[in-house]
Amino acid sequence: MQTTFIDGDLVYRPHSFEVPLNYDHPSDKTITVFAREIVAKQHQGSDLPWLVYLQGGPGFPSPRPDSNSGWLKRALQAYRVLLLDQRGTGQSTVISHQTLAGQSTDQQVAYLSQFRADNIVRDAEFIRESLNVKQWSILGQSFGGFCALHYLSYYPQSLTRAFITGGLASLTRHADDVYRATYQRVLNKNAQFFNRFPSAQQRCNEIADYLVDNQVLLPNGQRFTVEQFQLIGINLGRSGAELPMYYLLEEAFVEVDGKRELSYAFLNNMLVEQTYQTNPIYAILHESIYCQHTASNWSAHRVRDEYPQCHYKKGQDFCFTGEMVYPWMFDQLECLKPLKIAAEQLAEKADWPTLYSIEQLSKNTVPVAAAVYLADMYVEYAYSKETLSTLNNAKAWETNEYEHNGLKADGERILDRLIQLADELDDHQG
């Protein structure tokens, strides 16, 4: 059910588009891509410029806003906003273990190969043309920033401005370089967390030891392991996450008949943390976002061996991992198990096409304003700086005020600052 509705001072209008699965063969299979247009009620009849939001991930839909707040509030002062559910997510022909179940492994691999940044941007171009929009601006958060760099590389004529938050990807580096950097960031975040909450170290050790010594099942019947517990460290890269994590650990155990065991509430929270179960694109294609004519070959898994403290053994201190995916997830996580062989083949795939045009970016004329977070756990600051050195007509706000989720935490201020930077670039060009 897709209908236009008004809620408060905002007008929400849904759009669905039938787009080619593979743009190199447009007459073959099509998929649906959904986008939600939002405009301030007072501006609904105005000829406002468009701003397209590119979500982070990969594999997650655009936000479902319930108020005129955050970055959206600032955007709607000047733009008509389009929230794009990237292909495979939300209301866009969703990818899950259910929807892929009827395909052979070869079909799954061929299908999933079409869900990277290049085709997300092609979808955006398809939508722009369908809406008869000559040009528009884009806002890319995290992986959405990777998509923005692809957009700037191959369709700059379609853009008036590009805003990027926590998403200036390396243009050339192999996934191994990325994970060597981010593992170090993760270890730094671990140290900060355990320094802030010294008792949490002992509690994590106790939970890990309990998981080693006992067969513990999550509410979906899946065995819960130390490796899965480590995955919740992804939250350490977001502001406001440390204290909730501490509270969660604090209440991990319950006493039953005089014996200590992990509580159902804790285990249910651990299952909820496993968004890979409901959004498998993230697990299957995450490493491919760094691949250009190379295979990842489970980069994070291999590089992890260079950081032995990330392999838990009884008697040593536990540490969390971060924004990494691993091959064992397809053995352990219930909804990923049916996709194991396809995931393995995609990890070995070496013919991924080029994502960025360094030549085009070096002569870019589209104003680009980026928020770069110095302590970002997900996107290495040094590599963002490398990209900035190549990207022409760009200004960056480099700050240690925010973590990777700055746009969510303080979006109105951040987008306002980026609009100011873009204005300065326009003035300079003028």
Side-chain angles (χ1 to χ4, degrees), residues 2 10-17 19 23 31-40 43-44 46-65 68 70-92 115-169 355 364 366-371 394 407-408 411 414-416 418-419 422:
Q2 297 180 3
L10 300 183
V11 180
Y12 300 77
R13 182 174 294 113
H15 299 275
S16 288
F17 307 88
V19 306
Y23 280 89
I31 58 173
T32 299
V33 171
F34 174 83
R36 194 185 313 275
E37 173 189 348
I38 304 180
V39 64
H43 297 315
Q44 62 176 315
S46 304
D47 186 23
L48 290 174
W50 289 76
L51 175 69
V52 181
Y53 180 71
L54 300 170
Q55 171 68 29
F60 295 93
S62 254
R64 270 47 178 170
N68 188 6
W71 70 263
L72 185 63
K73 180 179 180 180
R74 178 62 183 90
L76 291 173
Q77 294 174 22
Y79 292 100
R80 187 177 297 269
V81 172
L82 193 70
L83 300 175
L84 175 65
D85 277 359
Q86 296 169 9
R87 51 171 53 203
T89 74
Q91 294 191 66
S92 297
F115 286 76
R116 290 207 312 163
D118 46 4
N119 282 326
I120 292 169
V121 170
R122 282 178 166 181
D123 290 341
E125 279 294 275
F126 185 102
I127 292 168
R128 183 187 60 78
E129 293 174 0
S130 299
L131 294 175
N132 294 313
V133 177
K134 183 179 179 181
Q135 291 179 306
W136 56 19
S137 297
I138 53 176
L139 169 59
Q141 157 65 15
S142 189
F143 169 69
F146 293 32
C147 295
L149 288 171
H150 183 85
Y151 219 140
L152 289 161
S153 292
Y154 297 102
Y155 309 95
Q157 70 283 356
S158 301
L159 302 177
T160 52
R161 289 181 171 186
F163 306 108
I164 297 175
T165 56
L168 280 178
L355 289 169
N364 170 63
V366 179
V368 180
L407 190 66
K408 183 176 181 179
I414 287 175
L415 182 56
D416 184 69
L418 297 186
I419 290 173

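From a predicted model like this one, the values you see are computed outputs, not experimental measurements.
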Visitor: Under 4.5 Å between any side-chain heavy atoms of W136 and I127, yes or no?
Guide: yes
Visitor: For the pair S92 (side chain) and D85 (backbone), establish whether a donor and an acceptor sit closer than 3.5 Å, ignoring hydrogens and angles.
Guide: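 Confirmed, S92 side chain pairs with D85 backbone.
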Visitor: Among all residues two or more places apart in sequence or in another chain, which pass the salt bridge (Lys or Arg N to Asp or Glu O under 4.0 Å) test with E125?
Guide: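 E125 satisfies salt bridge (Lys or Arg N to Asp or Glu O under 4.0 Å) with R128 only.
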Visitor: Can you find a pair of side-chain heavy atoms, one from I120 and one from H150, that are under 4.5 Å apart?
Guide: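 Not in contact.
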Visitor: Using a 3.5 Å cut-off and no angle test, enumerate the donor-acceptor pairs between side-chain atoms of residues 46-60 and protein atoms at least two apart in sequence or in another chain.
Guide:
from, atom 1, to, atom 2, distance (Å)
S46, OG, H43, O, 3.4

Visitor: For the CZ atom of F163 and the CD1 atom of I414, what is their distance to the nearest 0.5 Å?
Guide: 13.5 Å
Visitor: Are any non-hydrogen side-chain atoms of Y12 and L10 less than 4.5 angstrom apart?
Guide: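 Yes, close enough: below the 4.5 Å cut-off.
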Visitor: Heavy atoms, side chains only, cut-off 4.5 Å: are W71 and Q141 in contact?
Guide: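 With C-beta onward as the side chain, the pair stays apart.
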Visitor: Can you list the steps and then say if I31 with F115 is a side chain to side chain contact (heavy atoms under 4.5 Å, CB included)?
Guide: CA-CA 11 Å; I31 58 173; F115 286 76; 4.2 Å; yes
Visitor: Answer whether the closest heavy-atom distance between the side chains of L83 and P65 falls below 4.5 Å.
Guide: yes
Visitor: Give the ring-plane orientation class for Y151 versus Y155, where under 30° counts as parallel, over 60° as perpendicular and anything between as tilted.
Guide: perpendicular
Visitor: Quick one: are R36 and Q91 in side-chain contact, heavy atoms under 4.5 Å?
Guide: yes
Visitor: Side-chain contact, heavy-atom cut-off 4.5 Å: L149 with V368?
Guide: no
Visitor: When you look at R161 and I419, which way does the side chain to side chain contact (heavy atoms under 4.5 Å, CB included) test go after all the steps?
Guide: CA-CA 9 Å; R161 289 181 171 186; I419 290 173; 4.0 Å; yes
Visitor: Which heavy-atom pair separates L159 from Q135 by the least distance, and what is that distance?
Guide: O-NE2, 3.6 Å
Visitor: Using every non-hydrogen atom in the two residues, find where A369 and L418 come nearest and quote the distance to one decimal.
Guide: CB-O, 3.3 Å
Visitor: Mind running side chain to side chain contact (heavy atoms under 4.5 Å, CB included) on E37 and L131 for me, showing each step along the way?
Guide: CA-CA 11 Å; E37 173 189 348; L131 294 175; 5.9 Å; no
Visitor: So do the side chains of L355 and R116 get within less than 4.5 Å of each other, counting heavy atoms only?
Guide: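 Heavy-atom side-chain distance check passes, below 4.5 Å.
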Visitor: When you check the gap from the basic side-chain N to the acidic O, do K73 and D416 get nearer than 4.0 Å?
Guide: no
Visitor: Which heavy atom in Q157 sits nearest to a heavy atom in Y154, and how many Å separate them?
Guide: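 Residues Q157 and Y154, closest heavy atoms: OE1-O, 4.2 Å.
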Visitor: What closest approach, in Å, do L84 and S62 show between heavy atoms, and which atom pair accounts for it?
Guide: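 Nearest pair, atom of L84 first, then S62: O-OG, 3.0 Å.
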Visitor: From C147 SG over to N119 CG, what is the distance, rounded to the nearest 0.5 angstrom?
Guide: 10.5 Å
Visitor: Any chance you could measure L152, atom CG, to I138, atom CD1, to the nearest 0.5 Å?
Guide: 5.0 Å
